[in-house]
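A short write-up of the structure that comes next.
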Amino acid sequence: MKKRIFLIYILAVLLLCSMPVSAAEPGEIPGNDTTTGSDENGTAFLPADAPQITARSAILMDMDTGDILYEKDAHKKSEPASTTKLMTALLAAENLSFNQTVTVTEGALDGISYDAVTIGLSPGETLTVEDLFYAMLLPSANDAANVLGMAVSGTVGKFVKDMNAKAEALGCTETHFANANGLPDDNHYTTVHDMALIAQAAYGKSRVRDVIRQESHWIPATNMVGERELWTTNQLLYSVTDYYYEPCTGGKTGYTETAGNTMVAFAEKDGRRLVSVCFGCPSAAARYTDSSTLLEFGFSSYHKITPLRDFKLSEASETENAILVNYYARLGHSLPEFTLDTSIVLYTRTSVSPDDIGKEVSYSTDRSQKEVGSVALTYKGKTLATIPIVSDQTQMTEDLSALALSQRRSETYQTTPAPTRSEILRDVLKESLPVMVIGFVLAIALCLGTILVVQSRRKKRVAIRRYFGDGPVPARDGPEVMAELERRKEERRQLETIEDESELPKLRIPEMLKSSGVPDDGEEDTGAPVKKQTTEPETDSGKDSEKKPAKKPAKKPTTKKPRHDSEEDSFIDEG
C-alpha cells in the first residue's frame with residue numbers, strides 16, 4: 001500500500017513538471033502578441049523543442065521587432081539585483097555627456113554596505129561620466145551608480161522617481177525601483193518581461209553598447225586616487241573561458257542572496273539582435289549557460305520571413321476585381337488602385353515557409369474610406385497579423401474631374417424631352433452658318449481672281465495678234481518676238497516721216513508675215529471694215545505717164561484683225 005501511494009506521488013510530480021513543456025504544440029509560431037505570453041491560467045509559453053534551463057524565470061526577445069521567442073514565468077516578480085544598473089545607464093546616457101566631470105558628494109555613498117562591490121570612490125573625488133559608466137557596468141560598482149544617479153537628478157531619491165517614471169513610459173507594468181544599483185530592498189522588484197523592455201531601450205543607446213561590449217577598462221588617476229583597472233563580470237565575452245559565446249555583444253550580471261544569480265545578455269547574428277533575461281539562476285555558471293542556450297535556440301529555431309513578398313492582391317481576389325471592373329467600366333474612368341504593405345516580417349520556426357502562411361482577403365462594404373479591406377495572415381487557425389488594404393483613388397479622381405462636364409450633360413438630356421426637327425435644323429444652321437459664310441466668300445474671291453487672270457491673258461493675246469495677224473501666235477514674251485516688235489515699231493516711225501512715195505525705201509517684209517500670206521498695205525488696222533476706193537481713168541494717158549504722182553500722206557501699216565473678229569478686213573491697192 002505504501003509503495004502504491006509512493007508511485008502515485010511520483011507520477012503526479014512528473015506530470016506537473018511536464019505540463020509547462022507541453023503547453024505549446026511543436027511548430028507553433030510565437031510573435032505579434034497573439035500566440036505568445038501566458039494564457040489565462042498563467043501557463044508559460046514553452047515550445048516543445050525548447051531547451052531546459054535552470055533559471056526560475058526567463059525570456060528571449062527580438063530587440064528589433066519585439067517578438068517573444070521564449071518565455072518562462074515571464075511575469076513573475078523577482079529581484080533584479082545589479083541588472084538594475086541598465087536602467088541607471090539608460091537615464092544617464094539620455095541626460096549626461098561622456099566628457100562631463102562629476103564630483104563625488106557625501107550622500108553618494110549612503111546605503112552601500114561594506115561588502116558591496118565598489119571602486120572605492122571618496123567624497124571630493126572628480127571623475128568623468130565615461131569612467132563612471134565603465135565602473136558601473138563592467139565590475140558592477142554600486143558607488144558609481146549612485147554618483148551617476150545624483151548627477152542626473154540631484155539626489156538618489158529623485159533619481160529613483162525618475163527610474164520608475166521611465167519604466168512606466170517603456171511599458172513596464174510590474175516594476176518598482178527603490179535604488180539606483182539593485183541592492184536588496186523589499187520594494188525593489190521587476191519581471192523578466194519588464195527587464196527585457198528596459199534592456200531593449202538601453203541597448204538602443206550607442207554609449208551603453210560601447211561600454212558593455214568591452215572586457216576591460218583603465219580609469220586614469222584622479223585628484224585623490226591613482227589609476228584603476230576594471231574587468232567585466234560577463235564571462236560570455238572572454239574567449240579563454242568555457243562560457244564564451246561568440247555572438248554575444250555585451251550584458252549585465254547581478255547577484256544577491258535573495259535574488260540569486262541574474263543576467264541580461266545581448267547577441268547579434270545573421271542580421272538579428274536578441275536579448276535574453278534570466279532571473280533566479282542557482283549559480284554564476286548557470287546564468288551563463290542558460291543565457292547562451294536561450295540565445296542560440298532563438299538563432300537556430302526561428303527565422304524571419306516575408307509572407308507577402310510575392311503576393312498579388314489581384315490574383316487573390318479575382319471575383320472581387322471582376323465585380324469592380326464591370327461596375328466601373330460603364331462610367332468611363334479608371335478603377336481605384338488597391339495596395340497593401342507587402343514588407344511585413346514575421347518570426348516563424350525554421351520549418352515554416354512563407355507558403356505555409358494563409359492569406360485571407362476581405363473587403364468592407366464601405367468603399368469611400370481609405371482602408372477598404374484587409375489581408376489576415378494565419379497559421380493553424382490563428383491570426384498572426386492583419387494588413388490593411390488601402391485604396392488609392394488619385395487617378396480615378398482625375399478621370400472623374402475630366403468627365404464631370406459630359407456626365408452633367410448626359411443627366412440633362414435624360415431629364416428633358418427630345419428636340420424637334422426644326423430645333424435640330426436651327427442648331428445645325430447656328431453652328432454651320434459661320435462656316436458657310438466663310439466658304440461662300442472664299443468661292444467668290446476665287447472666281448473673281450480667275451476672271452481677272454483670264455481677261456489679262458486675253459488682252460495680251462489680242463495685242464500680240466494685232467502685230468502678227470491670224471497666223472499662229474508665237475510664244476509670249478520670247479526674245480525673238482520682242483525683237484520683231486521693236487523692229488516693226490521703228491519702221492512705222494520711219495514711214496510716218498517720209499513725205500514722198502518715191503522716197504519710200506524698199507522695206508523687207510517680215511518672214512512671219514510672208515508665211516501668213518496677208519498683204520501689208522501700210523494702213524493701220526483700226527478694227528473697222530475699209531471700203532475699196534475707185535478712181536476714174538485719165539483721158540490723157542501720155543500726160544499721166546509724164547506727170548509725177550501727187551504726194552500723199554504716209555499711212556500707217558495695218559495688220560489683220562484677230563481671228564475672232566466677225567468682219568473681214570479689206571485693203572486698198574495703191575499700185
Face-on cation placement of R207 at F133 ring, 6.0 Å and 45° thresholds: no

Flag side-chain contact, heavy atom, 4.5 Å: N234 against M263: yes

Main-chain N/O of V352 paired to H303 side chain as donor or acceptor, under 3.5 Å: yes

Polar side-chain atom of N146 near backbone of A108 as donor-acceptor pair, under 3.5 Å: yes

Side-chain (T289) to main-chain (A286) donor-acceptor, under 3.5 angstrom: yes

Within-4.5 Å side-chain heavy-atom neighbours: V264 and V275: yes

E229 atom CD, neighbour heavy-atom count above 12 within 6.0 Å: yes

Separation between OG1 of T88 and CG of N179, rounded to the nearest 0.5 Å: 8.0 Å

Closest contact, heavy atoms only, L346 versus A385: CD2-CB, 4.4 Å

Flag, side chain of N142 to backbone of V117, donor-acceptor distance under 3.5 Å: yes

4.5 Å side-chain heavy-atom contact, S78 and V192: no

Q100, CD atom: more than 12 neighbouring heavy atoms under 6.0 Å: yes

Any side-chain donor near an acceptor of the partner, K85 and S82, under 3.5 Å: yes

Y244 to L236 - nearest heavy-atom pair and separation: CD1-O, 3.3 Å

Expected output: side-chain S301 to main-chain G298 donor-acceptor under 3.5 Å: no

T103 side, atom OG1; M150 side, atom CE - distance, nearest 0.5 Å: 11.0 Å

Flag for T253-T233: side-chain donor and acceptor within less than 3.5 Å: yes

Short side-chain to backbone donor-acceptor contact, R209 and Y203, under 3.5 Å: yes

R287 side chain to G260 backbone, donor-acceptor under 3.5 Å: no

Any side-chain heavy-atom pair of F279 and M195 under 4.5 Å: yes

Straight-line distance of M136 CE to T84 OG1, nearest 0.5 Å: 11.0 Å

Candidate pair I305 and S353, rule side-chain contact (heavy atoms from CB on, under 4.5 Å), full reasoning: CA-CA 7 Å; I305 62 171; S353 67; over 6 Å; no

4.5 Å side-chain heavy-atom contact, R272 and D64: no

Donor-acceptor contact present, side-chain K359 to main-chain L308, <3.5 Å: no

Minimum side-chain heavy-atom gap F299-D270 below 4.5 Å: no

Main-chain N/O of F177 paired with N164 side-chain donor or acceptor, under 3.5 Å: yes

Flag, side chain of T262 to backbone of P80, donor-acceptor distance under 3.5 Å: yes

Distance (rounded to the nearest 0.5 Å) between S239 OG and E215 CD: 6.5 Å

Where T383 and A376 come nearest, the two heavy atoms and their spacing: CG2-CB, 4.4 Å

Beyond-backbone contact of Y189 with E79, side-chain heavy atoms, under 4.5 angstrom: no

Considering all heavy atoms, the nearest L86-I198 contact: C-CG2, 4.5 Å

Q235 and T241 side chains, donor-acceptor separation under 3.5 Å: no

Whether F297 and Y70 hold their rings parallel, tilted or perpendicular, with breakpoints at 30° and 60°: perpendicular

For T256 against A81, the heavy-atom pair lying closest together: CG2-CB, 4.1 Å

Chi angles and distances behind the side-chain contact (heavy atoms from CB on, under 4.5 Å) call for V102, L148: CA-CA 8 Å; V102 178; L148 285 173; 5.6 Å; no

Heavy-atom closest pair, residues T126 and N223: N-OD1, 3.1 Å

Validation row: L237, C248 side chains within 4.5 angstrom (heavy atoms): yes

L90 vs L170, side-chain contact (heavy atoms from CB on, under 4.5 Å): CA-CA, chis, key distance, verdict: CA-CA 12 Å; L90 173 61; L170 294 175; 4.1 Å; yes

Verdict with reasoning, D210 to F98, per side-chain contact (heavy atoms from CB on, under 4.5 Å): CA-CA 12 Å; D210 293 340; F98 260 28; over 6 Å; no

Result of checking E174, K77, H75 against D194 for side chain to side chain contact (heavy atoms under 4.5 Å, CB included): E174

Atom pair CG (D162) and CG (N95), whose distance is rounded to the nearest 0.5 Å: 8.0 Å

Intermediate values then yes/no, side-chain hydrogen bond (donor to acceptor under 3.5 Å, both in side chains), S113 and D115: CA-CA 5 Å; S113 59; D115 57 344; 2.6 Å; yes

Distance in Å, Q52 CD paired with D290 CG, rounded so as to fall on 0.5 Å steps: 10.5 Å

